[in-house]
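Each remark here refers to the structure printed beneath this line.
Keep in mind that what you see is a predicted model, and the values were worked out from it rather than measured. Excluded from the calculations below are hydrogen atoms, water molecules and symmetry mates; all remaining heavy atoms, backbone and side chain alike, are included.
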Amino acid sequence: MHRYSYYKTAACTLNVSIGDPQANKEEILKCIQELDSDTQLVVFPELCITGYTCQDLFYEHTLLNKAKQVLFEIVEELPENLVAVLGLPLEIDNKLYNCAAICFNHDILGIQVKTYIPSYNEFYETRWFSSASELKESTTFTYKNKKVPVSNHIVFKDSTTSAYLGIEICEDLWVTIPVSSTHALAGANVLCNLSASNEIISKANYRRNLVKDQSAKCYAGYIYASAGPTESSSDLVFSGHNLICENGFILNETKTDKIIYGQIDLDHLNHDRLHYKTSMQDLFHVNYTTVDFASKPIHEIEFDRYIDAYPFVPNNQDERITRCLEILHIQAQGLATRLSKIHCKDVVIGISGGLDSTLALLVCHEAFKINNYDSKGIHAITMPGFGTTKRTKSNAQILMDLLHVSSEEISIVDGVNQHFKDIHHNPEVHNITYENSQARERTQILMDLSNAYNAIVVGTGDLSELALGWCTYNGDHMSMYAVNASVPKTLVRYIVESVALKDEVLHDVLMDICDTPVSPELLPPDKNGKIAQKTEEVLGSYDLHDFFLYQMLRHHDEPKKIYDLACVAFKDVEKETIKKAIITFYNRFFTQQFKRNCMPDGVKVGSICFSPRGDWRMPSDASRNLWTKQVEEILNWFKSQGQISDSSC
C-alpha cells in the first residue's frame, strides 16, 4: 500500500545485563537488526544501556564512562533512516541525570532528561539522579565536536513525514501534568516513553489505561517501552509491558514478542488537533527547542494495521449490546426531554415494519417510560401502499400490539392515485415521481394527525440515509424530532437486535425485522409477494457506505486512502464493487447536502452527526469534482497495473 501518513514505530525490551554496557550494546544492535526494514522509530527501555537496577553502581565512573562510550558506538552502527531512542545515565555539570539519547543517521539529535525522579515505596532514584529542573539553560552535550541540546523541553521534527517526536521517561507520565502533555502542546504528535515499570497486582491494567488515555488527551501516538524480567529481581519484577497507542486506541501490546510494532496515522492525529483546538491551547508557554531532521521518503509500506470494516459497531457481542442499549437510552432521553419541555404527551410515528421505524418506535416506548407517560399516547400508523408486503405489514402490527401503543392502519393507495390524477402522472410509470408521491402522502398523513392528536411527529430516518440523501425531500426527510438522525444503518440493525436479545417478548418479531431486506417498499412486490425494491441493489452495500462515511467524517481521509482502506477491510469484496460504491457515495454526498441543511432537530449519539446547528456545515452547491476525480485516478492506476479491469476485479 501507498505509505500515506503512516509512521512505523517499534518498542523493544532487551535481555539486559545489569552493569554491562558492552553486552547490552550487542543486545540493542541485535534487536535493531531484527527490525522490519521499513521501521522509522524504535524506542528502548529506561537506562537500557546499563540496566535500570544498577543501584549504587551508578556512582561508579567505570560504568558511566563505558555507558557513554557504548552510546557513541551504537550511534555509529545504526542503520540509515532509523530513529533510535536509548536510555542511559549521563554525568553533566557534576550531576547525574537519567537520560534518553535520540539518535539518527550516525548522529545524536538531542538528550532528553527525566524530570520527575521518584523516591517512594520501591523507588529510590533521588539517591542517584537529579531532575531536569536542575539543568542550566542552554545545557549541551558534546558529540563529534558538536553541541547537542540537553533539556526536558525538546521536540524532534522530521520534515519528511510530519512526525514531531517528544520523549519522556517513566515517572514523567505518572504525574499530574505529564511532561508529554507539554511536548504535545509544543507540537509533538509521536510521544515516546522509556520506562522501567515494575509489575504488581493490577498495575498492568492501570498502566494500559494511563498510556491509552494520555495518547487520547494529547491526540498523539504513544510508544511505551518498558524494562523486562532480566532486570534484577532482588525486590521487584519487571514484565516488559510494551504498548503502542494512537489517540486512545491500542495498536499493539506485548504478548510474547520482545518487539512490537505500530503504524501510527499522522494525518488522523493532525486532523484532530486542527478540529479540537481547545485541547491544544498552550496555556503553559514553555520555551521549547526544536531539532530538525529529515528521513528518507518511504513511498510504500507493508500495511499491517487492523482496519475495522464496521467502525460504528463493536466486535465483541457483550460490548456491542451494552453500547447499543446505551445509544437507545440516549435517543429516548432526548425525546423524553423534548416532550417534557413542550408539555406534550403524544407522538405520531409511521411504522413500516422495517428497521428504522422499528428503532424509532422502541425509542418512543422507552421515552414514554422515562416520563411515566401512557404508551397509548404513541400513535403508531401503518400506511400500506403499492409496495407493502405481508411480511413487513404483519411485523409492524405485531410489534405495535406487543408494545401496547395506539395503532391505526391508513392505506395511501386511494390518496396517491388521486394525487397522480391531479398532477397528470401515469401510475404505470414507476419513476421517482411515483415513489416520492407515496413518501409525501405518508408524511402529510402523519403531520395532519399530529395536529389532530396535539402530538409531534417522530422521524425515523437514519444517519446513512442523510449521508446519501436516500430520503424524500419534505417526505420521510421531515419530522418534528428525528430520533435516528445520528445512528448509521449498520448500527440500527444491532440496536434492534440488542433489544431482541434482552427482551423475550419482543425477540421473535424483532429478529425477523432484522432479517428483512432494507427497502422503502415504494415499488410493487414481485409475483411471490416479496420485496422487489432492495435499497442496497441500487445504492450499494450500506456496510461500504458506512465505512466511507466514518473515514471521511471522522478522519477526513482522502478518497484514494478510503478506497485503499476499504480494500483492506473488505478483502473478500471485489474491487469493482468497492469502486462503484465509493463513486456513488461521493456523488450523492455532495448533491444531497440541501436535505441536511434543513434537517429537523435530533439527538446526537456518536462522533458523527449532520446537524447544521452542530457538527456539519457545508454549502449545498459545493463541487464534488475534486473528490470524484481522485477516486478515478486511483482506479486508473490499478487498471494500469493490471490489478483491476473496467468490468471486474
Side-chain angles (χ1 to χ4, degrees), residues 3-12 28-29 31-32 35-44 48-49 68 71-88 90 99-113 138-169 179-180 182-194 218 220-223 225 244 261-267 269-270 273 286-299 301:
R3 191 182 68 83
Y4 294 113
S5 58
Y6 293 109
Y7 190 70
K8 186 163 183 177
T9 64
C12 181
I28 289 168
L29 292 175
C31 181
I32 288 173
L35 292 173
D36 292 347
S37 60
D38 58 349
T39 305
Q40 295 161 282
L41 167 70
V42 60
V43 182
F44 290 94
C48 61
I49 288 179
K68 185 162 63 171
L71 171 65
F72 294 170
E73 292 172 358
I74 292 173
V75 170
E76 290 304 312
E77 295 187 47
L78 285 177
E80 296 284 335
N81 225 40
L82 175 70
V83 177
V85 186
L86 303 164
L88 77 161
L90 284 175
C99 299
I102 296 81
C103 312
F104 178 75
N105 280 8
H106 313 306
D107 195 7
I108 299 175
L109 300 178
I111 302 293
Q112 174 75 24
V113 180
S138 304
T139 299
T140 59
F141 172 82
T142 302
Y143 176 67
K144 291 182 178 178
N145 297 319
K146 186 187 85 169
K147 299 296 184 181
V148 176
V150 178
S151 175
N152 59 345
H153 297 130
I154 314 175
V155 292
F156 303 88
K157 176 185 176 183
D158 182 356
S159 58
T160 304
T161 64
S162 78
Y164 284 68
L165 311 182
I167 319 299
E168 64 184 352
I169 302 173
V179 171
S180 54
T182 57
H183 287 344
L185 293 175
N189 53 13
V190 178
L191 305 173
C192 309
N193 189 306
L194 297 80
C218 294
Y222 200 107
I223 301 93
I244 300 179
Y261 297 96
Q263 293 179 340
I264 295 169
D265 194 326
L266 299 176
D267 273 354
L269 299 174
N270 294 337
R273 290 181 173 202
V286 177
N287 291 325
Y288 260 79
T289 299
T290 300
V291 176
D292 293 302
F293 68 102
S295 61
K296 293 180 181 178
I298 298 175
H299 299 292
I301 59 170

Is there side-chain contact between [X] and [Y], with heavy atoms separated by less than 4.5 Å?
{"X": "P149", "Y": "V291", "answer": "yes"}
{"X": "N189", "Y": "Y7", "answer": "no"}
{"X": "L35", "Y": "Y261", "answer": "yes"}
{"X": "L165", "Y": "F293", "answer": "yes"}
{"X": "I32", "Y": "E77", "answer": "no"}
{"X": "S162", "Y": "L266", "answer": "yes"}

Surrounding [atom1] of [X] (heavy atoms of other residues, nucleotides or ligands, distance under 6.0 Å), is the total greater than 12?
{"X": "D292", "atom1": "CG", "result": "yes"}
{"X": "K147", "atom1": "NZ", "result": "no"}
{"X": "K146", "atom1": "NZ", "result": "yes"}

Please find out if less than 6.0 Å separates the ring center of Y164 from that of H183.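 No, too far apart.
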Among L86, T142, V148, which residue meets the side-chain contact (heavy atoms from CB on, under 4.5 Å) test with I108?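 The single option meeting the side-chain contact (heavy atoms from CB on, under 4.5 Å) with I108 is V148.
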Name the one of V42, V83, L71 that satisfies side-chain contact (heavy atoms from CB on, under 4.5 Å) with C103?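 Passing option: L71.
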Do you know which two heavy atoms are closest between [X] and [Y], and how far apart they sit?
{"X": "I223", "Y": "A11", "value": "CG2-CB, 3.8 Å"}
{"X": "N105", "Y": "P79", "value": "OD1-O, 4.3 Å"}
{"X": "V150", "Y": "T140", "value": "CG2-C, 3.7 Å"}
{"X": "L82", "Y": "L41", "value": "CD1-N, 3.9 Å"}
{"X": "A188", "Y": "L191", "value": "CB-CD2, 3.8 Å"}
{"X": "N152", "Y": "Y288", "value": "O-OH, 4.2 Å"}

Could you give the distance from [atom1] ([X]) to [atom2] ([Y]), rounded to the nearest 0.5 Å?
{"X": "N287", "Y": "T182", "atom1": "CG", "atom2": "OG1", "value": "11.5 Å"}
{"X": "S151", "Y": "Q112", "atom1": "OG", "atom2": "CD", "value": "6.5 Å"}
{"X": "L29", "Y": "I74", "atom1": "CG", "atom2": "CD1", "value": "5.5 Å"}
{"X": "Y143", "Y": "H106", "atom1": "OH", "atom2": "NE2", "value": "9.0 Å"}
{"X": "C99", "Y": "I169", "atom1": "SG", "atom2": "CD1", "value": "6.5 Å"}
{"X": "K8", "Y": "I264", "atom1": "NZ", "atom2": "CD1", "value": "12.0 Å"}

With side-chain hydrogen bond (donor to acceptor under 3.5 Å, both in side chains) as the criterion, how do Y4 and Q263 come out once you've worked through the C-alpha distance, each side chain's angles and the decisive distance to 0.1 Å? CA-CA 11 Å; Y4 294 113; Q263 293 179 340; over 6 Å; no
Taking only Lys NZ, Arg NE, NH1 and NH2, and the carboxylate oxygens of Asp or Glu, determine whether R3 and D38 approach each other closer than 4.0 Å.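 Salt bridge: no.
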Are F104 and N81 close enough, and set up right, to give a side-chain contact (heavy atoms from CB on, under 4.5 Å), and what steps lead you there? CA-CA 7 Å; F104 178 75; N81 225 40; 4.2 Å; yes
Given side-chain contact (heavy atoms from CB on, under 4.5 Å), test I298 with Y6 step by step and report yes or no. CA-CA 10 Å; I298 298 175; Y6 293 109; over 6 Å; no
Determine yes or no for a side-chain-to-main-chain donor-acceptor pair under 3.5 angstrom, with D158 supplying the side chain and T160 the backbone.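 Judged by distance alone, yes, a pair lies under 3.5 Å.
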Just by distance, do the side chain of T9 and the backbone of G262 share a donor-acceptor pair under 3.5 Å?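 It does hold such a pair.
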